[in-house]
Protein chains: 2
Amino acid sequence: MTRGEQMQADILSVLMAQDGVMSAYDIMDALKGSYPKIAPPTVYRALSALTKAGQVHRLESRNGYMACQHDHAEETAVLSICDDCGAVEETASNKILDDLAYVAKKSGFVPSRHVIEMIGTCGDCASAERDASS
Amino acid sequence: MTRGEQMQADILSVLMAQDGVMSAYDIMDALKGSYPKIAPPTVYRALSALTKAGQVHRLESRNGYMACQHDHAEETAVLSICDDCGAVEETASNKILDDLAYVAKKSGFVPSRHVIEMIGTCGDCASAERDASS
DNA sequence: TTGCGAAACGTTATGCTATAACATACAGAC
DNA sequence: GTCTGTATGTTATAGCATAACGTTTCGCAA
Ligand SMILES: [Zn+2]
Ligand SMILES: [Zn+2]
Ligand SMILES: [Zn+2]
Ligand SMILES: [Zn+2]
């Protein structure tokens, strides 16, 4: 395992130990134990590699990162982000990909990457709210 | 027209005079003529109101803003962002909204906002590239 | 017309996110 | 052991966004 792979594996395990979103600086703090001198560029470089490899997703609406939950082959996932608890659920949807491909084709757009995020309240928090207000 | 509406109208016209994405600081610079003492909070407050009203869209993958091209009733749009020229095309797609609603329903997620962005090369830039390489 | 109060703007300061540019250290090939 | 490419460390800075509080504006009511 090269140095690069080691750093990426460490970051991935930090992310997997967390249910929700982490910022790059959160990750950096979590790595301060094993890498006392770690600095932002190192984290961003590793995140960039992990993201390109599909093992980590960047949440554009949050400037945050999460471990992929799926080993999915397609690059694209639907990310449902809970505003209350921060949990993220990842869903694959070929239907949406097809629809987007159709939209792109109509105007000659050639997509290289998709961002599909839903922001709202997860099922758990939604039912907790219902219970509280009943 | 109240002060707030004036500021929002000015920001909107700055955005509409631009084909592509602008950062909040770009907008602020463009307003320095009419508002010499303008500062970030003012711009962000107005952008927040405009975004809520659906007249401006925030491009999450770019930390940027654009004027809505559609007067669309639905809150949600598909934004196709060209990496080469910065142009953004806005498309409405009820099909995608339905698909997302289905995804959400399956897990009890209650969405309040959607982010749907395609990053890639627009039709114009794509054909320009083809011409150049032929 | 004057005074009040809400809303919006200005000011100051700061925090978070991300990258540029260059130096150093590491690991594997030879 | 040296060479060499790659990754990390270091320093600095750019870019995005908001907190907290003071000041201005302006409609409205007395
Ligand atoms: Zn995934
Ligand atoms: Zn939740
Ligand atoms: Zn729109
Ligand atoms: Zn283009």
Side-chain angles (χ1 to χ4, degrees), chain A residues 1-15 18 20-53 55-66 81 83 86 88 113 115 117 119, chain B residues 1-15 18 20-53 55-66 81 83 86 88 113 115 117 119:
Chain A
M1 186 178 262
T2 68
R3 274 193 308 165
E5 287 163 352
Q6 184 62 55
M7 178 64 76
Q8 290 172 33
D10 289 346
I11 286 185
L12 196 55
S13 78
V14 164
L15 281 172
Q18 187 84 8
V21 185
M22 295 184 82
S23 76
Y25 281 76
D26 290 340
I27 296 168
M28 191 174 69
D29 290 344
L31 290 173
K32 280 272 167 66
S34 358
Y35 300 88
K37 310 199 155 174
I38 196 168
T42 300
V43 178
Y44 281 103
R45 284 187 283 241
L47 283 172
S48 165
L50 287 164
T51 301
K52 225 177 304 183
Q55 299 178 274
V56 163
H57 297 297
R58 172 175 164 77
L59 288 93
E60 300 289 351
S61 65
R62 287 281 195 112
N63 296 327
Y65 303 84
M66 62 173 284
I81 306 162
D83 266 337
V88 182
R113 187 165 80 85
V115 175
E117 297 178 9
I119 292 91
Chain B
M1 186 179 262
T2 68
R3 274 193 306 166
E5 287 162 352
Q6 185 61 56
M7 178 65 75
Q8 290 172 34
D10 288 347
I11 287 186
L12 196 55
S13 78
V14 164
L15 281 172
Q18 187 83 8
V21 184
M22 294 185 84
S23 77
Y25 280 73
D26 290 340
I27 296 167
M28 191 174 68
D29 290 344
L31 291 173
K32 280 271 166 66
S34 359
Y35 300 89
K37 309 198 157 174
I38 196 168
T42 300
V43 178
Y44 281 104
R45 284 187 284 240
L47 282 173
S48 167
L50 287 164
T51 301
K52 226 179 300 181
Q55 299 179 271
V56 163
H57 297 297
R58 174 176 161 76
L59 287 93
E60 299 289 351
S61 65
R62 287 279 194 113
N63 297 327
Y65 302 85
M66 61 173 284
I81 306 161
D83 266 337
V88 182
R113 187 164 80 86
V115 175
E117 298 178 8
I119 292 91

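Here is the naming used below: chain letters follow the sequence lines, and residue numbers restart at 1 for every chain.
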Answer yes if the side chains of Y65(B) and D26(B) hold a donor-acceptor pair under 3.5 Å, and no otherwise.
no

Side-chain atoms of N63(B) come closest, of dA18(C), dA7(C), dC16(D), to dC16(D)

Could you state the atom-to-atom distance from CG of L59(B) to P of dA17(D) in whole Å?
11 Å

Ignoring hydrogens and angles, tell me if any N or O in the side chain of E117(A) forms a donor-acceptor pair with the backbone of I81(A) under 3.5 Å.
no

Considering only heavy side-chain atoms of M7(A), the closest of dA17(D), dG9(D), dT8(D) is dT8(D)

P41(A) side chain: which of dT11(C), dA20(C), dA18(C) is closest?
dA20(C)

Rounded to the Å, how far apart are Y65(A) OH and dC16(C) P?
16 Å

Separation of dA18(C) atom C1' from M22(A) atom CE, nearest Å, is 17 Å

Look at the side chain of Y44(A) and decide which nucleotide, out of dC9(C), dT19(C), dG10(C), has an atom nearest to it.
dT19(C)

Donor/acceptor link under 3.5 angstrom from R45(A) side chain onto base of dG9(D):
yes

Under 4.0 Å from OP1 or OP2 of dT17(C): is there any side-chain N or O of R58(A) that close?
no

Distance col, row M28(A):CE vs Y35(A):OH, nearest 0.5 angstrom, shows 14.5 Å

Interatomic distance, E5(A) CD vs dT6(D) C1' [rounded to whole Å]
12 Å

Nearest-angstrom distance from the residue atom CG of L47(B) to P of dA8(C):
15 Å

Whichever of Q6(B) and Y25(B) has its nearest DNA chain C nucleotide further upstream toward 5'
Q6(B)

Reported CG-to-OG distance for the pair D29(B) and S23(B), which is rounded to 0.5 angstrom:
7.5 Å

Rounded to whole angstroms, how far apart are CD1 on I27(A) and P on dA18(C)?
10 Å

Approximate separation, where rounding is to 0.5 Å, of I11(A) CD1 and L47(A) CG:
5.0 Å

Can you measure R62(A) atom CZ to dC16(C) atom P for me and round it to whole angstrom units?
15 Å

What's the closest nucleotide to the T42(A) side chain, out of dT18(D), dT8(D), dA18(C)?
dT8(D)

Take atom CG of D29(B) and atom C1' of dC16(D), then tell me their distance rounded to the nearest Å.
13 Å

Map I38(A) and R3(B) onto DNA chain D by nearest heavy atom, then report which one ends up closer to the 5' terminus.
I38(A)

